[in-house]
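Here's the structure we're looking at; comments come further down.
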Amino acid sequence: MEKGQAVWLRSTASRWGWVPALVHNREEVIIKGITVLKVTLRDDPSSASMGQVAPTSRGGGSECLSPFYDQDLNRSNQISGGDGYYADIEPFEIVLTIDVESAERDELQDIKIRDVDSTQIIGGVDDLIGLTHLHEPAILHALRLRYDSDVIYTSTGPILIAINPFKSMPLYTDEVMEQYRLQGEMGIVNEQQSIVLKKEDRTTKKEVPVVEGKRLPPHAYLTADDAYRAMMRGIEMNLAGGPSGAAQRRELAKRRRATEVKGANDDSETHMNQSILVSGESGAGKTVTTKIVLNYFAMLSRVSTIKSGELNDEDGAHEEELGGQARVEQQVLDSNPILEAFGNARTIRNDNSSRFGKYIDIRFSSSGKLVGASIDTYLLEKVRLIHQTEGERNFHVFYQFLESASEDDRDEYFLGDMQLEDFALVNQSGTYDRRDMVSDVDMHIEMMDAMAIMGFSSDMLRDIMRLVVAVLYAGNMTFTETNRGETCILDENEASLAVASLLGVSYEQLAMSLTCQVLFLREGNITKELNSRQAYKASEALIKSIYGANFDYIVKVINQSIHQEQPSGGSRSGRGGKDHSAYIGVLDIFGFETFEINTFEQLCINYTNETLQQHFNKHVFKMEQQEYEREGILWKFISFPDNQDVLDLIDMKRVGILAVLDEQCIVEWGSDDKFVQQLYMRCGPHDRFEATPQQKP
């Protein structure tokens, strides 16, 4: 760290957490026999101009930049981007005493070397690994510059960072999609290759120009294409697995080495099955990104189908050529509005937040055609059915159906003139609309159309909607205390009668199930009457069970529609006639979120995110270390926050939160109060466990 060195200084004076500074003076001094470095830092006068707005950037108008903005002749004048990030920072001078050895190794926590070299790429690099100094302020500054210039995608080796622009972007047109497909077919994987891509579009018959001489900028399409090409290379290697295919295997291996993506593991390149993990905070855009990836795979499948000669329509395939049924790739896309209606909701951060986890296995034939898929869902946030905070909504389907219900629907489901405001499950937050201006009526129509395409019969649709309305009415059921509050009865009113009728049971059967508990003992069954508090809890459990079962049934029908046991068309076999189809798994994991009051479901959601984050960190850093070792680069392991102590608090045997909860659920004397007492007793010594004296029993 020399005099005049440009650095980043950690500071609470900036909303970014760091401010640019210059080393004004440095000298070594001896304090108590130890040589230390006394450094004087001053504000950087040039920092006030960092982040000036360009005419076409975020602050200067509504025009968005294309993903190929680095080809723009004016790009060199817009490298800084932004809105003057540090113009409001007051002049400062600060003297710090630091360890000499730490300064030489650039391991200081509050001072980081700042790169001031300009490049022709916004933010310095398209891949953050290429930054001269890879640390927190450098990464944040690069991402900030790119975001403010409407460049929302940035790579970090095999990882794609996507920052939600919260507005429409012209990044997902057919033309952009085709450029990434053509690049994948031609094999451009790095900036050193010089291949001119100008190729005729197979469907439009028009020539599509593609960037010359370098790999296209980071994009969700690029990540999807890399996974697809790696899968196809794995299929080809397996198809060439016999003795007669030795020459072909050598050629494929040579081609693989020539087209290896930086940051990818050698071994994984020959594996057929691939995976894409979409993670991030709530509202980060995970669901939209998943749909973007699925759309790209559907396009690749369609092109593969045309190339194989299965479809010969000049304008693209008519579904009639496939026996009158929609193509599998279209069915996969059509599952989105159905799952979003029943599994998404408006939250504080996001108007279309996925309140469940989703894993999609997409199966491709050996020719690259999408031939089937399966969807696994987990941790549906059923507690949302009972409680929503201010500014949030329940699941979309309730609002969509009530806003769209016809007179016949209202008669069939006993709705009459009931509106959203009349149902306790949707009126408690006082929020009924969506801030993104999406119409609930339009979304309901889209959902119903999609369900028809996916094979839901009219009887299925009626049964599903009967359960939706039954859940709504169940939230309006009330109980009256009897026997001095020790027991209760279910009030026989419009709500309870509607629930009984919609579920196909009598009022008496419904009342018995909610106000009594049957204990099955060796000596015989004992019926225990419940008080009103217990009965309300029973009705809440019924609501969650009905909705959860309905959701699972919908997913089951969708899977029956999009799943195929044997790949059809264009599927080749390798040795012994084995099936050489392959999968790409796409995991859309729900976002990490904390509320004033966090439910059990939210604990499970956050625990899942913490576990994935740890696996992700270790996997990525280990992979990068292997890459550096292969290239003979001197490597010093970069430390990263380790959240193992958080995971131990939740899942450690005997003393973890989940272990304590399991125990209380098993023992006969288990209760909420005893669970809390055990938590304080067993988890209290843990550094991550906090409780005020008022919270402790």
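Since this is a predicted model, take the numbers as computed values, not measurements. Keep in mind that the numbers below use all heavy atoms, side chains included, and drop hydrogens, waters and symmetry copies.
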Q | D648-H686 side chain donor-acceptor pair, cut-off 3.5 Å | A | no

Q: Please check if any side-chain donor atom of E610 sits under 3.5 Å from a side-chain acceptor atom of N606, or the reverse.
A: no

Q. Can any side-chain N or O of R181 pair as donor or acceptor with the backbone N or O of L300 at less than 3.5 Å?
A. no

Q: Output yes when a side-chain donor or acceptor of R10 lies under 3.5 Å from a complementary backbone atom of G17, and no otherwise.
A: no

Q: Please name all residues satisfying ring pair (Phe, Tyr, Trp, His ring centres under 6.0 Å) with Y583, sequence neighbours left out, ordered by chain then number.
A: none

So do the side chains of [X] and [Y] get within less than 4.5 Å of each other, counting heavy atoms only?
| X | Y | value |
| --- | --- | --- |
| K286 | E281 | no |
| L171 | Y221 | no |
| S282 | T347 | yes |
| L222 | L216 | no |
| T599 | R384 | no |

Q: I would like to know whether W18 and H141 meet ring-ring contact (aromatic ring centres under 6.0 Å, His included); could you show each step before the answer?
A: CA-CA 9 Å; W18 299 82; H141 188 61; over 10 Å; no

Q: Could you label the plane-to-plane angle of the Y180 and H219 rings as parallel, tilted or perpendicular, counting under 30° as parallel and over 60° as perpendicular?
A: tilted

What distance separates [X] [atom1] from [Y] [atom2], expressed to the nearest 0.5 Å?
| X | Y | atom1 | atom2 | value |
| --- | --- | --- | --- | --- |
| I111 | H135 | CD1 | NE2 | 11.5 Å |
| L145 | L140 | CG | CG | 11.0 Å |
| T156 | L128 | OG1 | CG | 4.0 Å |
| L379 | T608 | CG | OG1 | 5.5 Å |
| L649 | F689 | CG | CZ | 7.0 Å |
| E175 | Q179 | CD | CD | 8.0 Å |

Q | Test side-chain contact (heavy atoms from CB on, under 4.5 Å) applied to R114 and H133, step by step | A | CA-CA 7 Å; R114 176 161 54 98; H133 303 286; over 6 Å; no

Q: Please report the shortest heavy-atom distance between G157 and D127, naming the atom on each side.
A: N-OD1, 3.1 Å

Q) Are any of the side-chain nitrogens in R393 or D351 under 4.0 Å away from the carboxylate oxygens of its partner? A) no

Q. Quick one: do E392 and R355 make a salt bridge, cutoff under 4.0 Å?
A. no

